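Just below is one structure, and these are the notes that go with it.
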Amino acid sequence: MTQVYGIILAAGKGTRMNSTKPKVLQILSDKTLLGHVLSQAHQLCSQVHVVYGFGGEQVKQTINDNSINWVEQTEQLGTGHAVAQAMPHINDDSISLVLYGDVPLIKQSTLNNLVTQAQKSGISLLSVILDNPTGYGRIIRDNNQIQAIVEQKDADKEQLAICEVNTGIMAVESGLLKTYLSGLDSNNAQGELYLTDIIEIAVNDGKTIASVITKNEFEVAGVNDKVQLAELERTFQKNQATKFMQQGLGLKDPARFDCRGTLNFGQDCEIDVNVVIEGDVSLGNNTTIAPNCVIRNTKVGDNVAILPNSVIEGAIIGNDASIGPFARIRPQANIGENAKIGNFVEVKKSTIGKGSKVSHLSYIGDSTIGAKVNIGAGVITCNYDGANKHQTTIEDGAFIGSDTQLIAPVTIGKNATIGAGSTITKDVPEDQLSLSRSKQTTLKNWQRPTKK
Ligand code: UD1
Ligand code: CA
């Protein structure tokens, strides 16, 4: 197999983003624009060269990919000049695949097709047919064969009427590409070295340009401002939602669902509106997620109900559990089978045993809670002394009365009962009632103060 080298043009500043970040570092779903292009390029290229200019250090640091050969283009003298910067690093007998750091949704199948075509004919070009071709280079054909590309600013009236445009993406035998690039000049409206001019040079060299026309205009859409960024984000999300639904995921409204990462799911899962999935999330079978939930890096079991407005991160949720509404489950929370975490409950770095309930207004941190424990409303594990975190252990079957503070480190024995309103500072024995409560008194002659 011929080696394929990727050349990704990423030198542009992206002024219209109005951002301190270089354009290619803008985020689409869970990755930078350049990151999307890189993940496609890495799949078929033995090496990837990124031509950078503006904000180079920031780009290199953010991308943080040691396999990339970074090539600096100090002055932006045109797309032909940009590609030429990478050529000294590329063997003549390989295929060069030219990509753009701001065209994130390019598909692997299209690139494979282009490369295959270039292996046969020496050069292949990806074009698209647009209703409004304004701004793009037009594809000039004769007898259906591609002859040249004419840029908008260099085109005559007849050429401007052509709707087939250059995407910029092409694959060329590297030896040929080097020769053609050395023949470029800047005698054009923009005074630049146009990569597009190599097409006419190749035709004059007796080559037939292999043509690939994509039907999917989003695949070749570049991002120049935040409006276009949002459009591509929607396209990306819509495509992903379609794929999930085809695999059996129920989405109440695919336009109000976002997955910025990977989602795996079993059968009969249903997701209601305004749910955001981030990182690596998996759902078992028959699990439902109610509106307005954010779930990140979490493994959710079978038959789980995640009720509205819950935020879950870095957790494991066991089968048949119920979470929320308005629950916050934080990293290293392990919610057992059939457990219930109710409204305004925060759980962090804690294990909640099988069938245990924390139903209302609690903070559970750094705790190990056994099976069939009942935590009353407003119970707080006081895990932090201002300097260190301490553990709370609650053994199976314990009942913690409402509004109890458990001052960690502390252990509550099996089947113990804690009276409501207690402040527990010492370990509590099994099976018995423990409480700390000042005696209730009534003052006989007390009167409400009156306004003076
Ligand atoms: C280019 C094509 C045009 C095509 C269009 C598709 C040329 C001459 N024209 O036009 O036919 O329809 O893309 O979007 O190639 N870049 C560099 N260094 C440079 C110049 C450009 O890295 O010196 C990068 C830019 O950051 C950008 C990309 O190359 O990502 C395209 O450059 P741009 O100047 O925007 O070309 P267009 O005018 O859009
Ligand atoms: Ca452009």
Side-chain angles (χ1 to χ4, degrees), residues 6-17 19 21-26 32-34 36-38 41 48-56 59 70-87 96-106 125-130 132-140 146-155 159-160 162-170 172 177 180-181 184-202 209 211 213-214 217-225 228-229 232:
I7 303 172
I8 303 178
L9 305 195
K13 181 172 178 197
T15 315
R16 281 177 281 164
M17 282 290 171
S19 167
K21 276 193 277 185
K23 173 160 74 169
V24 294
L25 294 186
Q26 300 293 328
T32 61
L33 295 177
L34 180 54
H36 284 275
V37 183
L38 281 167
V48 177
H49 304 267
V50 178
V51 181
Y52 71 96
F54 178 79
V59 175
W70 295 96
V71 184
E72 188 172 12
Q73 186 193 26
T74 43
E75 255 189 301
Q76 281 189 57
L77 303 177
T79 48
H81 179 260
V83 171
Q85 305 311 299
M87 296 319 291
S96 290
L97 175 64
V98 180
L99 298 165
Y100 297 81
D102 58 358
V103 180
L105 300 188
I106 187 68
L125 180 70
L126 181 63
S127 61
V128 63
I129 294 161
L130 298 179
N132 177 8
T134 309
Y136 294 93
R138 308 299 204 278
I139 306 290
I140 311 297
I146 297 177
Q147 301 298 316
I149 299 172
V150 177
E151 290 303 294
Q152 165 91 21
K153 287 182 180 150
D154 301 286
Q159 291 165 332
L160 287 176
I162 297 170
C163 288
E164 186 188 1
V165 304
N166 173 34
T167 65
I169 296 170
M170 58 176 81
V172 191
L177 181 57
Y180 299 161
L181 287 171
L184 293 181
D185 63 48
S186 54
N187 296 329
N188 53 54
Q190 300 181 77
E192 290 181 0
L193 294 173
Y194 290 167
L195 175 63
T196 46
D197 284 350
I198 71 161
I199 299 299
E200 193 173 1
I201 298 175
I209 314 293
S211 166
I213 306 177
T214 176
E217 66 178 87
F218 293 108
E219 179 185 18
V220 292
V223 177
N224 293 306
D225 58 28
Q228 292 170 339
L229 184 62
L232 285 202

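Each ligand, and each atom within it, is numbered from 1 in the order the structure gives. The shown structure was predicted, so the numbers you read here are calculated from the model rather than taken from an experiment.
Judged by distance alone, the side chains of Asn224 and Lys23 do bring a donor and an acceptor atom under 3.5 Å apart. In summary, the side chains of Arg138 and Gln152 do present a donor paired with an acceptor at a separation below 3.5 Å, with no hydrogens or angles considered.
Contact annotation: for His81 versus ligand 1, there are no heavy atoms closer than 4.0 Å. Residue-level proximity to ligand 1 for Thr167 is carried by the backbone, the only part with a heavy atom below 4.0 angstrom. The parts of Tyr136 lying near ligand 1 are both backbone and side chain, judged by heavy-atom distances below 4.0 Å. In Leu77, the part holding a heavy atom less than 4.0 Å from any atom of ligand 1 is the backbone.
Atoms of ligand 1 found under 4.0 Å from any heavy atom of Asn166, numbered from 1 in the order shown, are 2 (C), 3 (C), 4 (C), 6 (C), 11 (O), 12 (O). For ligand 1 and Leu9, the ligand atoms under 4.0 Å from any heavy atom of the residue are 22 (O), 24 (C), 29 (O). Numbered from 1 in the order shown, with element, the atoms of ligand 1 that lie under 4.0 Å from a heavy atom of Gly12 read 26 (O). Ligand-side atoms of ligand 1 in range of Tyr194: 8 (C), range being under 4.0 angstrom from any heavy atom. For ligand 1 and Gly137, the ligand atoms under 4.0 Å from any heavy atom of the residue are 3 (C), 4 (C), 11 (O), 12 (O).
Applying the salt bridge (charged side-chain N to carboxylate O under 4.0 Å, His left out) rule to Glu192 yields no partners; only residues at least two apart in sequence or on another chain are considered. In this structure, Thr79 has no side-chain hydrogen bond (donor to acceptor under 3.5 Å, both in side chains) partners at least two apart in sequence or on a different chain.
Of the candidates Thr79, Leu130, Val50, it is Thr79 that places a heavy atom closest to atom 36 (O) of ligand 1. Comparing Lys23, Glu75, Glu151, Arg138 against atom 9 (N) of ligand 1, the shortest heavy-atom distance belongs to Glu151. Of all the listed residues (Gly14, Gly78, Ala11), Gly78 holds the heavy atom that lies closest to atom 19 (C) of ligand 1.
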Inset, instruction - Using the side-chain contact (heavy atoms from CB on, under 4.5 Å) rule, take Leu99 and Leu9 through it: C-alpha gap first, then chi angles, then the decisive distance, then the call. - result: CA-CA 6 Å; Leu99 298 165; Leu9 305 195; over 6 Å; no

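A heavy-atom distance below 4.5 Å is not found between the side chains of Ile213 and Val128. Using a 4.5 Å cut-off on side-chain heavy atoms (C-beta onward), Val71 and Tyr52 make no contact. A heavy-atom distance below 4.5 Å is not found between the side chains of Gln159 and Asp154.
Each of Asn166, Leu181, Ile149, Leu184 was evaluated against Leu195; a single residue qualifies, Leu181, per the side-chain contact (heavy atoms from CB on, under 4.5 Å) test.
For Asp102, the heavy-atom gap to ligand 1 drops under 4.0 angstrom.
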